[in-house]
Number of protein chains: 2
Amino acid sequence: MTQNIYDTPSFFEGYSQLPRSVAGFDGAPEWPSIRSLIPDLKDRRIADLGCGFGWFCRWAREQGASEAFGVDVSQNMLSRAKEMTSDPEIHYEQADLEKVSLAESSYDLVYSSLTFHYLEDLEGLVAKIHRALKPGGWLVFSAEHPVFTAPSNPGWTQLDDHQNLWPVNQYLVEGPRITNWLADGVTKQHRTLGTYVNMLLRQGLMLRHLEEWKPTAEQIEQQPELKVELERPMFFIAAAQRPS
Amino acid sequence: MTQNIYDTPSFFEGYSQLPRSVAGFDGAPEWPSIRSLIPDLKDRRIADLGCGFGWFCRWAREQGASEAFGVDVSQNMLSRAKEMTSDPEIHYEQADLEKVSLAESSYDLVYSSLTFHYLEDLEGLVAKIHRALKPGGWLVFSAEHPVFTAPSNPGWTQLDDHQNLWPVNQYLVEGPRITNWLADGVTKQHRTLGTYVNMLLRQGLMLRHLEEWKPTAEQIEQQPELKVELERPMFFIAAAQRPS
């Protein structure tokens with residue numbers, strides 16, 4: 001059972017004020033990289049696992065998707081997602097992703113943004129995603145990068161030369177990490193990239209793309225505070241496909 | 001053109017004394033992980049790119065390989081490799097891997113250990129490997145992990161809590177890194193895991209396994225100095241296959 005930190009008031013309050021919550025994709029600098037991996041959605045069925053405020057479901061419908069299914073564990077987030085649309089072809093369900101049911105061979109795309117690192121039994125979900133995809137269908141997801149999740153004391157560190165260093169330790173010790181991001185005691189699951197990739201392969205998906213996100217020169221020019229993101233990867237993005 | 005640091009006397013001297021040089025696979029703690037990815041070699045043709053002292057070519061022949069082809073840029077290493085065998089089905093060639101010619105559709109396995117991170121034009125070599133593999137043939141390789149190659153000042157760092165930290169910076173700034181390992185001015189190419197993986201995929205290979213190597217509990221018990229290797233990944237291992 002996954003921790004439902006998004007329904008902890010202080011977390012939800014903080015999360016709701018993040019740029020990505022207020023502005024959607026415009027507040028998520030990794031979106032252009034993800035966008036480039038999304039197949040044509042015209043007349044396609046999509047599912048968004050960890051859909052939050054529903055930005056992706058609404059966007060998919062704008063791209064011509066025939067139906068969008070959003071799942072989230074957070075009642076708070078789904079309430080707001082529902083307020084933001086009256087589209088009859090967008091459906092939301094409140095569920096723990098470790099227990100959710102997904103219709104078999106039903107989706108052309110399963111999408112998930114920054115959610116998988118919260119799940120303990122991720123491999124069980126990947127098996128369900130494989131079955132839920134139509135042959136040739138895509139899984140495109142992002143998650144926190146293991147360099148970001150590994151440290152027992154995450155945070156920028158300066159030594160004598162005042163450069164920003166990211167203090168990696170325990171990288172190869174997989175398992176829970178407890179951080180105090182927006183609220184105390186947020187539990188994430190630290191996994192290496194190899195573990196993520198091999199899980200996809202074991203469940204029968206073909207890896208198509210793996211990217212450790214970095215800001216572009218243009219993004220850094222517009223938002224100089226993104227420059228430090230070149231020092232260590234915060235997110236990774238992967239695209240995989242069910243064989244036809 | 002790749003730097004041929006292995007023919008720099010001080011480097012060769014130091015390298016020759018490493019456990020992996022003296023004891024071969026027994027001195028390379030990542031070997032059991034690599035070994036598990038090697039397909040059955042009976043009556044198979046293999047190539048080892050960056051073959052060094054020829055440990056893998058000799059081992060492949062012991063496993064029943066019909067022919068082993070070893071390539072290395074270092075004349076010093078090849079001389080010693082040739083001294084260590086009189087097997088007529090092992091052939092060695094001195095060549096820069098960025099310029100080597102490989103016979104097309106000829107190999108069941110292309111192997112490379114801790115070599116790819118020295119190459120500037122790695123993608124050109126991967127394209128050649130793809131063509132050199134028989135349909136269904138395997139590429140299995142190891143390289144230094146980007147967490148290991150990224151830092152501008154690589155080395156264990158202790159803060160107040162005296163834990164060993166690995167000071168990551170410049171992870172997303174790919175390109176040359178100059179270190180003083182065994183000799184001054186050793187040039188390595190820093191690439192993210194995503195860059196390695198996407199290069200394989202772009203050249204038509206299917207990724208089959210990706211592993212960030214860690215010592216096993218048993219290895220740590222036998223060699224307690226390996227415990228620190230859990231803090232950050234030093235090597236990664238990948239297996240990919242040419243589609244049948």
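Below, chains carry the letters A, B, ... as their sequence lines are ordered, and counting in each starts from 1.
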Working for ring-ring contact (aromatic ring centres under 6.0 Å, His included), residues B/Phe116 and B/Phe141: CA-CA 8 Å; B/Phe116 284 0; B/Phe141 72 94; 4.7 Å; yes
side-chain contact (heavy atoms from CB on, under 4.5 Å) partner of A/Leu97, the single match among A/Leu49, A/Asp72, A/Leu122: A/Leu49
Interchain contact, B/Val197 with chain A, by part (heavy-atom threshold 4.5 Å): side chain
Top contributor to chain A contacts, counting heavy-atom pairs under 4.5 Å, from B/Asn198, B/Leu200, B/Thr195: B/Asn198
Top contributor to chain B contacts, counting heavy-atom pairs under 4.5 Å, from A/Pro215, A/Ala238, A/Gly194: A/Gly194
Chain A neighbours within residues 126-134 of chain B, where any heavy atom lies under 4.5 Å away: none
Distance-only side-chain donor-acceptor flag, B/Gln163 / B/Gln158, under 3.5 Å: no
Among the listed options A/Val228, A/Leu193, A/Val173, A/Ile237, the residue most often paired with chain B at heavy-atom distances under 4.5 Å: A/Leu193
Positive for side-chain contact (heavy atoms from CB on, under 4.5 Å) with A/Met234, one of A/Glu229, A/Glu30, A/His145: A/Glu229
Contact leader toward chain B among A/Thr192, A/Val168, A/Leu207, where contacts are heavy-atom pairs under 4.5 Å: A/Val168
Between B/Gln170 and A/Glu231, a side-chain donor and acceptor under 3.5 Å: yes
Region of B/Leu201 that comes under 4.5 Å of a non-hydrogen atom in chain A: side chain
Residue selection (most heavy-atom pairs with chain B, distance under 4.5 Å) from A/His209, A/Glu212, A/Arg232: A/Glu212
Validation row, ring centre B/Trp31 to ring centre B/Trp59 under 6.0 Å: yes
Distance-only polar pair, side chains of B/Glu211 and B/Ser33, donor-acceptor under 3.5 Å: yes
Region of B/Asn164 that comes under 4.5 Å of a non-hydrogen atom in chain A: backbone
From CA spacing to verdict: ring-ring contact (aromatic ring centres under 6.0 Å, His included), A/Phe148, A/His117: CA-CA 11 Å; A/Phe148 188 71; A/His117 54 271; 8.7 Å; no
Plane angle bin for A/Tyr171 and A/His190 - parallel if under 30°, tilted between 30 and 60°, otherwise perpendicular: perpendicular
B/Glu221, CD atom: more than 12 neighbouring heavy atoms under 6.0 Å: no
Most contacts with chain A, counted as non-hydrogen pairs under 4.5 angstrom, among B/Arg202, B/Arg208, B/Met206: B/Arg208
